[in-house]
Amino acid sequence: MSTHSSTVLDPNWFIRPTCVVAADLIGKILCRRVTDTDGQEKVLRMRITETEGYIGLQDTACHTHAGSRTARTEVMYAEGGVFYVYLTYGIHHMLNLVTSVAESPESVLIRAGFLTEDSDRLLNEMDKPPREQLTHHSQFAGPGKLTKRLSVSRDLSGLPIAPETGLWVEDDGCQPPVSLRPRIGIDYAGEAKDWLLRYIWTAHPSLSKP
DNA sequence: GCGGGGATCCTCT
DNA sequence: GAGGATCCCCGCT
């Protein structure tokens, strides 16, 4: 049980420079409304430990590089405060939060986090296979695993980051130490692959990589 | 219409 | 550390 009070981040909170949002999101709580086995609505709460910024036209690792604008990437051109979800490697859904002003197609990828204690117990109870029930689920290291466990998929793309959509972010005042790293999995991106746009909760065990 | 590649993860060695 | 899973997306014809 948390004794801290949390406030919901308004979609307008994301209409700021992408690097600032990506750094500020470390320690915030990603909240997902789910239905448990009894048909009861519950909320899973995952504290964010790792993000990456993708900064639009000049960023060769970004889907909107050089102004590329397709049906998939259209939502990135919206005003900050909506989701951008896409499929990669044919398997994994990637959860992004669109940032900055309209026509500035940038976003923050959520890469890792860990469940609050209450949510960890809830997810264990919801898992059907007995073998899974013994597994400790609290660490969500990697963007594909994270979306799978939180049931995030493409149908959320373009919807607002708000409780009405069932996925939102809360702030309870947590301010962990943050370090910068190069982004993961973008070796093809020329000099942009070395940009320090990956933000991590310093030395946290839930990170996808140190 | 088609072909190649990808902001990953898991398994096997 | 290497490789396969698996399929949407995009660029080209």
Side-chain angles (χ1 to χ4, degrees), chain A residues 14 17-23 25-26 30 46 48-78 80 82-100 104-115 123 127 129 131-132 134-159 161 167 169 178-201 204-210:
Chain A
F14 297 89
T18 301
C19 300
V20 175
V21 174
L25 279 170
I26 304 301
L30 183 66
M46 187 206 78
I48 298 168
T49 59
E50 178 177 348
T51 63
E52 282 179 358
Y54 286 83
I55 56 174
L57 309 188
Q58 79 276 27
D59 181 0
T60 45
C62 186
H63 290 169
T64 55
H65 168 59
S68 169
R69 189 164 187 157
T70 67
R72 179 179 66 154
T73 60
E74 183 62 30
V75 300
M76 285 191 68
Y77 287 82
V82 300
F83 299 108
Y84 170 49
V85 185
Y86 68 92
L87 194 69
T88 192
Y89 296 101
I91 302 172
H92 303 290
H93 295 275
M94 299 288 107
L95 172 62
N96 292 257
L97 311 181
V98 175
T99 54
S100 193
S104 180
E106 311 188 8
S107 68
V108 174
L109 172 67
I110 307 297
R111 289 191 54 90
F114 62 96
L115 287 181
L123 197 57
D127 258 326
R131 199 180 118 267
E132 287 278 317
L134 301 172
T135 309
H136 194 65
H137 290 308
S138 63
Q139 313 287 308
F140 286 9
K145 282 196 280 192
L146 185 152
T147 54
K148 186 177 180 191
R149 304 317 305 277
L150 294 181
S151 301
V152 168
S153 58
R154 288 187 62 243
D155 51 13
L156 285 164
S157 205
L159 297 181
I161 304 166
L167 186 60
V169 184
V178 174
S179 301
L180 275 62
R181 296 284 185 278
R183 292 173 293 180
I184 305 283
I186 55 160
D187 288 347
Y188 60 84
E191 68 174 27
K193 77 177 167 57
D194 299 321
W195 296 352
L196 297 174
L197 289 173
R198 176 168 172 252
Y199 299 80
I200 60 173
W201 182 324
H204 196 277
S206 70
L207 300 175
S208 65
K209 271 190 187 181

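Order of the sequence lines fixes the chain letters, A, B, ..., with proteins taken first and strands second; residue numbering starts at 1 for each chain.
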Rounded to the nearest Å, what distance is computed from the [atom1] atom of residue [X] to the [atom2] atom of nucleotide [N]?
X      : N      : atom1 : atom2 : value
A/H63  : C/dG11 : NE2   : P     : 11 Å
A/M94  : C/dC9  : CE    : C1'   : 15 Å
A/L146 : B/dC9  : CG    : C1'   : 13 Å
A/L87  : C/dC10 : CG    : C1'   : 14 Å
A/L196 : B/dA7  : CG    : P     : 19 Å
A/F140 : B/dC10 : CZ    : P     : 12 Å
A/Y89  : B/dG4  : OH    : C1'   : 13 Å
A/H93  : C/dC7  : NE2   : P     : 10 Å

Worksheet item: Counting only N and O atoms by type, is there a donor-acceptor contact under 3.5 Å from the side chain of A/H93 to the main-chain atoms of A/L87?
Response: no

Worksheet item: When you measure from the side chain of A/Y199 to the backbone N and O of A/G53, does any donor-acceptor pair fall under 3.5 Å?
Response: no

Worksheet item: When you look at A/C19 and A/L197, which way does the side-chain contact (heavy atoms from CB on, under 4.5 Å) test go after all the steps?
Response: CA-CA 7 Å; A/C19 300; A/L197 289 173; 3.7 Å; yes

If you look at every strand shown and take non-hydrogen atoms under 4.0 Å, does [X] touch a base, only sugar-phosphate, or nothing?
X      : result
A/I186 : sugar-phosphate
A/I91  : base
A/G90  : base

Quick one: is [N] close enough that its OP1 or OP2 comes under 4.0 Å of any side-chain N or O from [X]?
X      : N      : value
A/K148 : B/dC9  : no
A/Y86  : B/dG6  : no
A/R198 : B/dA7  : no
A/T70  : C/dC10 : yes
A/R183 : B/dT8  : no
A/R72  : C/dC10 : yes

Practice prompt. Let me know which of A/K145, A/Q139, A/E50 forms a side chain to side chain donor-acceptor pair (under 3.5 Å) with A/S208.
Written response: A/E50

Discussion item. What's the gap between B/dA7 and C/dG1 when it is taken at their P atoms, as a whole Å value?
Written reply: 22 Å

Item to complete: Quote, to the nearest angstrom, the P distance that separates C/dT6 from B/dC2.
Response: 22 Å

Worksheet item: A/H204 vs A/F114 aromatic rings, parallel, tilted or perpendicular, using cut-offs 30° and 60°?
Response: parallel

Discussion item. Taking the minimum atom-to-atom distance to the side chain of A/T73, which one of B/dC9, B/dA7, C/dC10 wins?
Written reply: C/dC10

Worksheet item: Hey, is the side chain of A/H92 pairing donor to acceptor with the base of B/dA7 inside 3.5 Å?
Response: no

Discussion item. Partner lookup for B/dT8, please. Criteria are Watson-Crick or G-U wobble with both distances under 3.5 angstrom; report none if nothing qualifies.
Written reply: C/dA5

Response to the item:
The residue among A/R111, A/K193, A/R181, A/K209 that forms salt bridge (charged side-chain N to carboxylate O under 4.0 Å, His left out) with A/E52 is A/R111

